[in-house]
Novice: 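One structure, pasted below without further comment.
Residue numbers run from 1 in the order of the sequence given.
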Amino acid sequence: IDGNTMIPPGTKMVGSVVRYKMPVYDSVISDKMDDDTKRTFLETFKNILSEISFPVKRMAVGDTFKFITPLNFPMGDFTIKMSFSTIYKLQSFDDNTASFDIVMKYALNLNDSTMNASGGGTGTGVMILDLKNDYPLKYTSDYSIELAANKNGVFIHSKISGNSDSENVINAVKKPQ
C-alpha cells in the first residue's frame with residue numbers, strides 16, 4: 001500500500017451476520033491490496049472478532065468490559081507477539097442503541113531470549129451498538145503502535161498509526177422457505 005494507510009479507502013469486507021453473534025467475514029474487496037495482504041488482513045480481523053463477546057449482564061452508565069486479543073507482527077525472519085487490550089465504557093443508552101468510549105492498549109509479549117525488543121501503543125475510539133441486533137452500527141478508532149526489535153544482527157524499527165471509521169446498516173433478510 002502507500003506505507004501510511006493500513007486499510008486503503010474503499011476496502012470492503014464481505015460476510016454474514018447472525019443475530020446475537022459477531023459477523024463472519026469470508027473475503028476482502030480492494031483494488032489496492034494484493035492477495036497476500038488481503039488474506040493477512042482477513043485472518044487478523046477474524047482473530048480479533050473471535051475474541052469479542054458482549055457482556056450478558058445489564059450494564060449501567062460508567063460500567064466497563066474488556067477484551068484481550070493476541071496480535072502477531074511478522075518482521076523479517078521473526079515475529080513479535082503483542083496483546084491488544086480493549087476497554088469499552090458505557091457512556092449512554094436509549095431503547096435502541098448504546099454508546100461506548102473505547103480505550104486500547106498494545107503490550108509487548110516477549111518470550112524469546114534471543115531477541116531484544118521493545119514496543120507498545122495506545123488508541124481511543126467510539127462504538128454505537130444496536131441493542132436489538134447486538135451489533136455495532138458505528139465503530140471508530142485512532143491508534144499508534146511503535147515496535148523495535150534486534151535479532152541476530154537484524155534491527156527493525158516500526159511505527160504504525162491509523163484510524164478506522166466503520167458504519168454498518170442492518171437489514172433483515174428473509175430465509176427461503
Side-chain angles (χ1 to χ4, degrees), residues 1-15 22-55 64-91 99-129 136 138-168:
I1 306 174
D2 69 10
N4 295 318
T5 306
M6 289 182 67
I7 305 171
T11 299
K12 295 181 180 180
M13 299 185 66
V14 178
M22 291 305 288
V24 176
Y25 293 102
D26 53 36
S27 61
V28 175
I29 299 171
S30 174
D31 58 1
K32 295 179 181 153
M33 286 185 188
D34 62 34
D35 288 342
D36 286 339
T37 303
K38 288 179 190 177
R39 191 172 22 263
T40 300
F41 175 72
L42 182 62
E43 288 307 311
T44 301
F45 201 76
K46 282 180 176 180
N47 287 341
I48 290 170
L49 286 179
S50 72
E51 300 294 322
I52 298 175
S53 60
F54 296 105
T64 63
F65 63 98
K66 179 179 182 178
F67 298 111
I68 299 176
T69 306
L71 290 177
N72 294 320
F73 288 96
M75 299 182 91
D77 292 338
F78 52 94
T79 300
I80 292 185
K81 295 182 179 191
M82 299 186 82
S83 63
F84 170 45
S85 168
T86 309
I87 300 169
Y88 296 84
K89 182 176 183 180
L90 181 61
Q91 293 300 315
S99 176
F100 293 87
D101 281 347
I102 302 167
V103 175
M104 298 171 275
K105 293 185 182 178
Y106 298 85
L108 188 65
N109 296 336
L110 187 59
N111 293 326
D112 185 345
S113 62
T114 66
M115 176 175 33
N116 292 322
S118 62
T122 60
T124 59
V126 173
M127 177 179 69
I128 307 296
L129 183 69
K138 184 169 182 67
Y139 194 102
T140 62
S141 66
D142 291 293
Y143 55 89
S144 176
I145 305 168
E146 189 165 354
L147 304 169
N150 184 349
K151 183 171 182 172
N152 301 328
V154 176
F155 180 77
I156 297 175
H157 184 223
S158 179
K159 291 183 179 182
I160 303 165
S161 62
N163 58 47
S164 68
D165 186 1
S166 101
E167 292 190 32
N168 303 296

Novice: side-chain contact (heavy atoms from CB on, under 4.5 Å), that's the test. Do Lys38 and Ile29 meet it? Break it down for me.
Specialist: CA-CA 8 Å; Lys38 288 179 190 177; Ile29 299 171; over 6 Å; no

Novice: Tell me, do Arg39 and Val28 make a side-chain contact under 4.5 Å, heavy atoms counted?
Specialist: no

Novice: Rounded at 0.5 Å granularity, tell me how far CG in Asn163 sits from OG in Ser141.
Specialist: 7.0 Å

Novice: Pro136 and Leu129: which non-hydrogen atoms are nearest, and at how many Å?
Specialist: N-CD1, 3.6 Å

Novice: Quick one: does Lys151's side chain get under 4.5 Å of Val154's, heavy atoms only?
Specialist: no

Novice: Parallel, tilted or perpendicular: which fits the ring planes of Phe65 and Tyr88, with parallel below 30° and perpendicular above 60°?
Specialist: parallel

Novice: Locate the shortest heavy-atom distance separating Gly120 from Met82; write the atom from each residue and the value.
Specialist: CA-CE, 3.7 Å

Novice: Taking atom CG of Asp35 and atom CG of Leu42, what is their separation to the nearest 0.5 Å?
Specialist: 12.0 Å

Novice: Should Asp101 and Thr124 count as side-chain neighbours, where that means a heavy-atom distance under 4.5 Å?
Specialist: no

Novice: Answer yes or no: are there more than 12 heavy-atom neighbours, outside Lys105 itself, under 6.0 Å from its atom NZ?
Specialist: no

Novice: What are the two closest heavy atoms between Thr86 and Tyr139, and how far apart are they?
Specialist: CG2-OH, 4.3 Å

Novice: About how many Å separate CD of Glu146 and OG of Ser158, when rounded to the nearest 0.5 Å?
Specialist: 8.5 Å

Novice: Could you report the tightest heavy-atom contact between Gly125 and Met104, atom names first, then the distance?
Specialist: N-CE, 4.5 Å

Novice: For Tyr106 and Thr122, work out which heavy atoms get closest and say how close.
Specialist: CD1-N, 3.9 Å

Novice: If you round to the nearest 0.5 Å, how far is CD1 of Ile145 from NZ of Lys159?
Specialist: 13.5 Å

Novice: If you measure from CD on Glu167 to OG1 on Thr140, what distance do you get to the nearest 0.5 Å?
Specialist: 9.5 Å

Novice: For residues Ser118 and Leu108, report the shortest heavy-atom separation together with the two atoms involved.
Specialist: CA-CD2, 3.5 Å

Novice: Measuring from atom NZ of Lys12 to atom OG of Ser27, what distance do you get when rounded to the nearest 0.5 angstrom?
Specialist: 12.0 Å

Novice: Kindly check if the number of other-residue, nucleotide or ligand heavy atoms within 6.0 Å of NZ (Lys81) is above 12?
Specialist: no

